[in-house]
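Letters go in sequence order (proteins before strands), and every chain restarts at 1.
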Amino acid sequence: MSDTQTSAPAGPAGLAPRPETGRLSISHVGKVYDPDGSAVVAVEDFSLEVAAGDFVAIVGPSGCGKSTLLNVLAGFDTLTSGEVLLDGTPLARPGLAPRPGPDRVVVFQHGALFPWMTVLDNVTYGLVKQQKMPRAEARRRAMELLAASGDLDQIAGSFPAKLSSGMQRRVEIIRALINDPKVLLLDEPFRAMDTVNKNTMHRHLLELYRRNRKTIIFITHDLEEALFLADRVIVMTTRPGKMKMDIAVDLPRPRTRAMMASDAYLALREKAVVAVSEEAKRAFERGEREMA
Amino acid sequence: MENATVDPLVPARAAKRRSWKLPRLDWRGTAAVAGFFLAWQLAVILALPGFDEIPGPWEVLNTFVGEFLFSADYWASWAVSFQRVFLGFLIAQVIGIPLGLFFGINATLRSLVFPVFEMMRPIPPLAWVPLSILFWPTNESSIIFITFIGAFFIITINVFEGVRSIRPEHVWLARSLGAGTFRIFRKIMLPAVIPSIAVGMTLGIAVTWNVVIAAEMIASDSGLGRLTWEGYVSSTPTVVVVGMISIGIAGYLSTVIVDWIERKMMPWKAGR
Amino acid sequence: MTEAATETKLPGSLSGQGVSKTYRQKGEEPHTALADLSFEFPAATLNVVMGTSGCGKSTLAQMLAGYLKPDEGTLTIDGAPIEGPGPERLMVFQESTLWPWMTVQDNVIFGPLSRGENKAQAIAAAAELLVRFGLIEFRDRYPAQLSGGMMRRAEIAQALINQPKVMILDEPFRGLDVMTRELMQEYYVRLFEDTHLSTVFITAELEEAIFLADRIYIMSDAPGRIVKTLEVDLPRPRDVSCLTTRRYAELEQEALDALYAGRDDMDF
Amino acid sequence: MTSVAAPSARSLSLVPSRGTVLAGLGFLGFVVLWYAAVHWSPFAAFNRLPDPLEVVIEWTNPDPYYGISIFAADYYVHIFYSTYRALASFFLAVLLGVPLGIFMGWKTNVHAYAASLLSLLRPVPPLAWVPIAILLFPGIEPAVIFVTFLVAFFATTMNTLVGVRSIPEDYFRAAACLGATNRDILRDVVIPGAMPNIFTGLQIAMGAAWFSLVAGEMIAAQYGLGFIIWESYNLIQYPTIVIGMATLGLVGYLSSAAVRLVGRRLMAWHEQRLGMAE
C-alpha cells in the first residue's frame, strides 16, 4: 500500500534551497458532483502531505479525479469533504468558498496566454493587477526572466499567435512563476506536444524549478514524464479517485536524459506501470469519458 | 448530440460544449415579456409622448379578433405577401446556387463576372424598386424581382464561400479512389456545399420578408405591407400594429419552413 | 525477419531519389520542405517516418499518395514512377476525412463503385470489413455519430476494401485522447501483423514510433533529410509490455540522440 | 436582416492579378451589354431603361439636366443626409448593442431577461416598424433613424453575445489566478475576447443600416439617396435613379470597408491568428 513517509529533504547540488512557503497538507479530501442527482464521486478520502518545494506528480487515467483535485487546490471548485491547508492556513473546506489567487497559479492544459496581449503584457499581468510593483519594474523583471529562459525576451513584443506551442508554454510558465506563487499547479501542460518539444519543455521546467524552487503539483497521464520530472509520483485509481500508490523518486537532480535508461529508473517504472495500466483498463471498461 | 454513440471498444470523448442557443423561456424571460406588454399598456393609458395615437395590446387583440381573424381580405394579403416572398426566394435559389458553384469552380468565370457581381452587391435591394417598376410589365412581377434581389446576392455569395471552403483532402481522397471529375462534383463537391446553401437560405428568407414589406408599402396595393401602410395613412394605428404582428408571425413561419427544408437537405446533420 | 526474401514477391516497396520540394506563396518567403531526400521503404514492412513538426514528413506523405509533385527527384512504387493519386497508394489524413454526408457504408464502398465494380459485391466486401472492425452496427450511421476511434477504423476499412499495395498514415492518432490512441496503436499493429500490408506511418511521437515500427526513419528539421534509420528488433506480436523492456529504453535513447543531433538547447 | 451566422455583408477583395484583365473585360462586357439591351434589343422593357452613357454624362455633368451630378451641391446634401442617418443609427446600435451583448454574455440573469424579449421582437422584419416609428417619433428624421437603428442593434447585440460566449473558460480562470478582480476580467478578458465577433456584427450592422435606410427614405423622407431614387422615378428622371443607386452602393461599401479597417487596426493580434490559421 502507499508508503506515506514524506520524501527526505534532499538538497542535491545546484537545486535551490527549500522555500519556506508552499507546504500543502491535504487531508481526507472528497468531491462529489451533483450530490442529490447522479452523485458522481470524483475524489474520495484523498490525503497527501507535500513539503515546501517538493515536485509532486499525479498520474492516472481520465476520470481519476486528477483535474478535480487541481480545481479544488486552485480554487475553481468547492470541496464536499475534508480540508486543505497551505502553510497552515485553511485553503479549502466544504464551507469555505474557494478564491483563486496568485499564491496558487495554474498553467492550463490547452494554454491560456491572452491572445490579445503581447508576451510582455501577459507576463507582467499578474504583478500589475496585484499592484505588487510599479509597471516599469514589473517589465524589467519580466524581461529578465524571459531572457534567462532561452532568450524569449526577443519575442517579448509579439502576440502569442506568432509563437510555437513550445514557446507559448514556456511563456505561460514564466507568467505563473513571476508572481512568486507558493504552489505551481500544472494541468497536463505538455500533453499535445511531440517528443522533441516535450523533452525540450522538460528541460526548461526542470531548469526553472532548479533556479527558483516552488512546490509543484504536476498533473499528467504520462507515467514516464512523471517519473522523470518529479520527487514523488502519486498514482490515482479511476473513479472514484483515490490514492493507489505513492512512489518516492530518489533519482539525483539535475535529471538527465541518460537516467531514463538507468536501472533505477527502469525499476521505478516497472513498479508503477502495472498500477497505471490496471487503472487504465478499468477506466476503459467503464467507458470512462475523457473530460474535455 | 442526439445519439452520440459510445464505441463499445473505445470510450468517446465527451465534448463539453457551451450551448449558446437562447435558453427556453424560464420565468425571468416570461416576466420580461409580460413586463413589455404591461409597459406598453401603461404608456398608452398615461398617453406618454408619442403614445397618444398608439393602441394598447388589449385593444389590438380585440380589433384583430373582431375585424381581421375572419375577414377574407386579411388572409388574402397573407397569401399575396407569401407568394411574392417564396417566388422571389425560389428564383434566387435556382439562379444563385449554380452561379455560386460556377464562381467557386471556374476561375475564368470568377475573374470575369465576380467583380461586376461584387460591384452590385452593396446596392440595397430596395434601391432597385424604381428600375424594377420601370422594367417589369406588371406591378406583381416588379415586386417579385425585388424579393429576388434580396435573396440572390446572399445565396450566391454563401455558395461561393462554401465551394472555397471544401477541404482539399475530401477531393484528393475521391481522386485516389478512382472517381472521375463529374462523380467528384456530384458526390463530393455538391453535398459539401449544402450547409452553405442552408446558411444562404436562412439569411435570404429574413431579407426577402423585409424587402417585400417595404416594396408593398412603396409600390403595391395589396399584401401585409400594404395593409400596415394603409393603417397608417387612414390613421387607424390599431391596423398598423395588427399588420406588424402579422408580418412578424409570417416572417417567423417562413424561417420555420426554411429550417424544415434544410433538415431535409442535410440528414447527416440531424444527428448533431 | 525474412523481410529480404518476401520483398521481391510482395508489392508495395517505395523509393525516392533526390526528392526536393519548396513551397512558394505570394507574399511569403519560399519554404523548402524537402531537399535532396532519398529513401527506400521495403515492402511488407511497417516503415515509420519520424521528425518534429515542420520537417516535411507530411509533404513526403502527400507526394507518395500522389497529391503533390516534387520540384526535383523521382518517386517510385515497385520500380514504377508515381504519377498521381491511385487506389494502390491510399492515405489516412491527420483529421478524419470520411465524407460527413455519406453513411459509413457509402463511405466504404465509394472506392469500388467509383471504379465501376458491382454494387452488391462492394456492399458484401464492405460488410465483411466492418464486421472485422467492429463497426457493422454503425453501417447506416453518419460519421458525426461515431467516436474518434471508430472514425479512424472506418477510414482504414474505406482504404482496405480497395486492396491497396501501400497504406500511408499521416499522424492518424494525433487528435485522439490518450486511451483511444493507445488502443488504436495496438489495433493497427494487429492489422499489420495479420496482413503485412506495406505501411508508411508518419508520427512525431517516439513511443508510438518504436511500438509500431519494423524500421524508423528519423528526419532532420526542414529541409527534411533522413538522418538515421533505426531497426526496431522488438519481437512481434508487439504488446504494451515491450514498452518496459531494456531494449525499448536503449532504442529510445538511440532515437533521441539522433533527434537532438545538432540541436544546441538539448545539452542535458 | 439580422444574421448571426456567416456575415453576408463581407465583401471579398479577391482580384487576382491575372484576373484584373478579365475583371476589366467583365466590366466592359457589362456596359456594352447594358447599352445594347437599351438601344438594340426588341423588348420594350429594356428600351425604357436609361443607358450607361446617359448615366455617366449626367453624373459627371457640370450643369446636370436633372440637377444631380458630382458638381451639384444637392448631390452632396443627399449623400450627407443618408450618411448621417446611417452613421447615427449605426453608432446608436453600437452604444446600446455592444454593452447589452457583453452583459448578456457575462451575466446570466441579464441574459435571462433580455434574451426572450429580443427573441420576441426579432422576427418582426424591421421595416414593418416604419409606420409605427412615424407615429411614435415626432417627425420623419427620428423615425427613419429608429428603424435603421433597430436593424443594426439586433445584429450588434447578437454577435457580441456570441463573441462573449466563445471565450474559453480557461482565460477567465487564468485572469482570476493572476489576481484580477471581476472588473479587471471584464476589461481584460471579456471585451478583447469578444472583439472579433463584435466586429463581424458591426459589419453586418452597417450593411443592414444602409439596407433599411433606403426603405425609410423612400417611404417617408424629404432628403437622402433613397428619396432621390424614388423622386427621380416619379419625375421621370431615370438616369438619376441609377446615379442614386450607384452612389448608395459606393457609400455603403466604403462604410463597411471603414468598419473592417478599424477592426483590423484594433485587433492586430487577431489578424495574425487568422494569418497563421490559413
Side-chain angles (χ1 to χ4, degrees), chain B residues 18 20 22-23 25-26 28-30 32-33 36 50 53-54 108 111-116 118-131 133-137 154 157-158 161 199 202-203 206-207 209-210 213-214 217-218 228-229 231-232 237 240-241 243-244 247-248 251-252 255, chain D residues 1-3 5-6 8 11-12 14-16 18-19 22-23 25-27 30 45 48-49 109 112-117 119-120 123-132 134-138 162 165 210-212 214-215 218-219 226 229-230 232-233 238 241-242 244-245 248-249 252-253 256:
Chain B
R18 291 169 68 115
W20 57 276
L22 299 184
L25 289 178
D26 64 20
R28 280 174 297 192
T30 359
V33 170
F36 169 76
E53 289 171 70
I54 308 283
T108 26
S111 315
L112 204 61
V113 177
F114 190 68
V116 175
E118 272 302 278
M119 178 190 77
M120 311 245 271
R121 193 156 66 93
I123 300 174
L126 286 153
W128 289 90
V129 166
L131 282 193
I133 298 171
L134 199 59
F135 179 81
W136 293 98
I154 290 177
I157 204 77
N158 270 284
E161 280 287 310
V199 167
T202 314
L203 300 177
V207 171
W209 266 104
N210 264 303
I213 300 303
M217 284 185 190
I218 297 168
T228 313
W229 186 247
Y232 164 67
V240 172
V241 177
M244 264 179 59
I247 297 165
Y252 179 71
T255 40
Chain D
M1 196 197 83
T2 57
S3 60
S8 61
S11 87
L12 290 154
L14 179 100
V15 181
R18 184 188 72 77
L22 283 171
L25 270 175
F27 278 108
F30 171 69
R48 288 195 291 265
L49 296 176
N109 49 27
Y113 287 107
S116 21
L117 208 56
S119 49
L120 176 76
V124 177
L127 292 183
W129 287 91
V130 170
I132 279 285
I134 297 172
L135 289 176
L136 264 174
F137 294 92
V162 165
R165 296 229 152 170
W210 282 104
F211 164 86
S212 53
V214 173
M218 285 172 88
I219 294 170
I229 292 174
W230 188 239
S232 322
Y233 168 69
Y238 297 151
I241 297 176
V242 179
M245 288 169 69
L248 251 175
Y253 174 77
S256 289

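In this structure, the portion of D:Ile241 lying under 4.5 Å from any heavy atom of chain B is its side chain and not its backbone. Contacts of B:Met244 with chain D are made by both backbone and side-chain atoms, with heavy-atom separations under 4.5 Å. Both the backbone and the side chain of B:Val116 have a heavy atom closer than 4.5 Å to some heavy atom of chain D. If you measure heavy-atom distances from D:Phe30 to chain B, the contacts under 4.5 Å come from the side chain alone.
Of all non-hydrogen atoms in D:Ala128 and B:Ile247, the two that sit nearest each other are CB-CD1, 3.8 Å. Residues D:Tyr253 and B:Pro122 approach most closely at CB-CG, 4.1 Å, considering heavy atoms. Contact record, D:Met218 with B:Pro130: CE-CD, 3.8 Å, taken as the closest heavy-atom pair. Minimum heavy-atom separation, B:Thr228 to D:Pro131: CG2-CG, 3.7 Å.
Checking side-chain atoms of D:Arg48 against main-chain N and O of B:Leu134 turns up a donor-acceptor pair under 3.5 Å.
Counting heavy-atom pairs under 4.5 Å between each of D:Leu25, D:Ile132, D:Val242 and chain B puts D:Ile132 at the top. For the options D:Leu120, D:Asn109, D:Leu49, heavy-atom pairs under 4.5 Å to chain B are most numerous at D:Leu49. Here B:Ile218 is the residue among B:Ile213, B:Ile218, B:Val241, B:Val129 with the most heavy-atom pairs under 4.5 Å with chain D.
At most 12 non-hydrogen atoms from other residues, nucleotides or ligands lie less than 6.0 angstrom from OH of B:Tyr252.
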